[in-house]
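Protein chains get the first letters and strands the later ones, always in sequence-line order, with residue 1 at the start of each.
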Amino acid sequence: MSGFLIRRLAQGVISIVGASIVIFLISRLSGDPILILLPNDASPALIEDTRRNLGLDQPLWRQYLIFAQNALAGDFGRSYRWQMPALRLILDRLPATIELALCGLVFSVLIAVPIGVLSAVHRGGWIDRVGRIFAMLGQAMPAFWVGLLLILVFAIHLNWLPAFGHGGVSHVILPAIALGWYPVAAQTRIVRSAMLDVLDSDHIRLSRALGTPEHLIVWKYALRNAAIPLLTMLGVYFAAMLGGAFVVETIFAWPGVGRTVVEAVFSRDFPVVQAGVLFTSILFVISNLLVDLSYGIVDPRIRDAR
Amino acid sequence: MLLQVENLRMHLHLRRGVLQAVDGINLHVAEGETLGLVGESGSGKTLTGLSLLRLLPKGSGRIESGSIRLDGQELTTLPEAELARDIRGRRIAMIMQDPMTSLNPVFSIGDQVGGPLRNHDIARGTALRSAVVDVLKRVRIPSPEDRLGDYPHQFSGGQRQRIVAAMAIGCTPRLLVADEPTTALDVTIQVQIIALLRQIQHDQGVGIILITHDLGVAASLCRRIAVMYAGQIVETGPVRAIYRSPSHPYTQALLAAIPRLHSKRTRLAAIPGQPPSLIDPPSGCRFAARCPMRMDQCAAPPPTVDLGDGHSAACWKLAN
């Protein structure tokens, strides 16, 4: 078990280092930040001076080493635009992003699991058909469109929920639905097919033969087996939600990392982009690690195999 | 009589047509008796066993006619909810063929063995725990109190079949349907499981229907056997009578096909041909096409001929 943990942690560190190199190089490709920082009529001398002050005159590999060294010490540099440490900026926004991703994930699971289970139990019945249409709609509707639709209906017409911003529970509902909408389809499908497999297995047949009530067979004995493939998928989706929430964050003016990073990209605010993307990749690695660990809780065979 | 099955017909309504899987079966099992249900794969033995519990293939299986009486109570008309509550696992229990897949991999054996006891309101709380330990002791799982939290993969195949048996006998059922309980196991383990079934029968006086294709296993456990072919019982009687003087040509062929250690023959004996399709089967004797003693009469359904001492067979040859 501890060997497994160490191995997985080492893999995680390698992934994060790789991500940091990619982020560093890509952000350099987006253009020269000096041209945005300084007014159009700045003198060449001032441009040179600023370049030297910010360390942008060094070769790329030196810039990366400086960046990596400082990053290890927790220093990602100061935001060119906000004039505050980039790390602070990201850490301030991080809780909001995690909150949104968690709520989106919970929403998608709360919808997907019951529909998937009932679709499998009543295979070919009306709930199976409705579920399939629902899943198709989910995959056909991009998050920005779902977001706008939700704002239009629930915020503007019905006036039930706030259209934007961050605050109480009511603020998170619409963005969480917009974010969790898309994964519902894939999750429903995986729960349905896993349940169909399990419900056809010998141990479920034995449970029935020994008089186990149907609700226990479905929601207890079968569902825990079907949870294993779902869990794998949740890890991937949670990570994707952490990193990919910027569209939803932008639509709902949600003060998260995604929106901050997008703004930083537009203003070529390198330190913020680097800190933001690196933090997202660290979260990505951690969430995958947590999923790997949680298999052991659900499936005792995996617990022992480690 | 513990179990009395009369003229039971269970058909599967498939897209290809109606498959007459169980077609007019008569069976009876006395208290504490073991009946062997013998036949080749596809002969309908397992579906007969499942029909007793009314666990039919969802959507397609239907009991067409006949009666199943347990201690005189008719089961074919009992509502599904009562069947689950009072019959399945409570008065009739079943053991399935493959112990490697019969246990739920993600629940502890304490939970699984305790399941039937909980569901049938026999024990709860600490009483449940001691009941589970007790039943695991009865199937000879070593130091069961330490193993309640263990999972199926931590047990060997033979131990898993014992655990399945523990789940089945926990509620002290009246009848145990054991579907090929030894088929998936090593020969040495088979002997242990047979001994266990004998012991369960001795201790609890439970009636057993042993479904098997293995005539040796049937002979070692059963007093009476019923030979099934293509959804029907072709011969039934005391084990000795059937082994000494098999009367139906199918039984004769089946016994002749057992390889003998001291035989000079080098080729295995086989029954030529194949069982008929049970969708639209022949209207007469279903074995006729493969029967070396076929006559013109065999085109009509054969009569069941009483050969005395509870031995009977369905064949025209015997009627003449």
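Counting heavy-atom pairs closer than 4.5 Å to chain A, the top residue among B:Pro105, B:Pro152, B:Gly115 is B:Pro105. Of the listed residues B:Leu103, B:Asp150, B:Val164, the one with more heavy-atom pairs under 4.5 angstrom with chain A than any other is B:Leu103. Chain A forms the most heavy-atom pairs under 4.5 Å with one residue out of B:Asn119, B:Val106, B:Asp98, and that residue is B:Val106. Ranked by heavy-atom pairs under 4.5 Å with chain B, the list A:Leu210, A:Asp202, A:Leu206 is led by A:Leu210.
Between B:Asp179 and B:Lys45 there is no salt bridge, since none of the side-chain N atoms of the basic residue sits less than 4.0 Å from a carboxylate O of the acidic one. Classification of B:Asp121 and B:Arg124 as a salt-bridged pair holds, one side-chain N sitting under 4.0 Å from a carboxylate O.
B:Thr76 and B:Glu74 are linked by a side-chain donor-acceptor pair at a separation below 3.5 angstrom, with hydrogens and angles left out of the test. A donor atom on one side chain and an acceptor atom on the other are found under 3.5 Å apart for B:Gln199 and B:Asp203.
Without hydrogens or angle criteria, A:Glu249 side chain to A:Gly258 main chain gives a donor-acceptor distance under 3.5 Å. Counting only distance, with no hydrogens or angles, the side chain of B:Gln4 and the backbone of B:Gly72 share no donor-acceptor pair below 3.5 Å.
For residues 46-55 of chain B, the interface with chain A (any heavy-atom pair closer than 4.5 Å) comprises B:Leu53, B:Leu55, sorted by residue number.
Only the side chain of B:Gln154 comes within contact range of chain A, judged by heavy atoms closer than 4.5 Å. Heavy-atom distances place both the backbone and the side chain of A:Arg205 under 4.5 Å from chain B. Using a 4.5 Å cut-off between heavy atoms, B:Ile92 touches chain A through its backbone atoms (N, CA, C, O) alone. With a 4.5 Å cut-off on non-hydrogen atoms, B:Asp111 touches chain A through its backbone and its side chain both. For a residue to count as touching a neighbouring chain, one of its non-hydrogen atoms must lie under 4.5 Å from one of that chain's; by this rule A:Thr212 touches chain B with backbone and side chain alike.
Atom CZ of B:Arg140 has 12 or fewer heavy atoms from other residues, nucleotides or ligands within 6.0 Å.
No side-chain heavy atom of A:Phe238 sits under 4.5 Å from any side-chain heavy atom of A:Asn288.
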- request: Using the side chain to side chain contact (heavy atoms under 4.5 Å, CB included) rule, take B:Thr101 and A:His203 through it: C-alpha gap first, then chi angles, then the decisive distance, then the call.
  value: CA-CA 6 Å; B:Thr101 55; A:His203 55 81; 5.9 Å; no
Run the side-chain donor-acceptor check on residues 179-187 of chain A: report pairs under 3.5 Å with partners two or more places apart or on a different chain.
residue  : atom : partner  : partner atom : Å
A:Gln187 : OE1  : A:Ser108 : OG           : 3.4
A:Gln187 : NE2  : A:Ser108 : OG           : 3.3

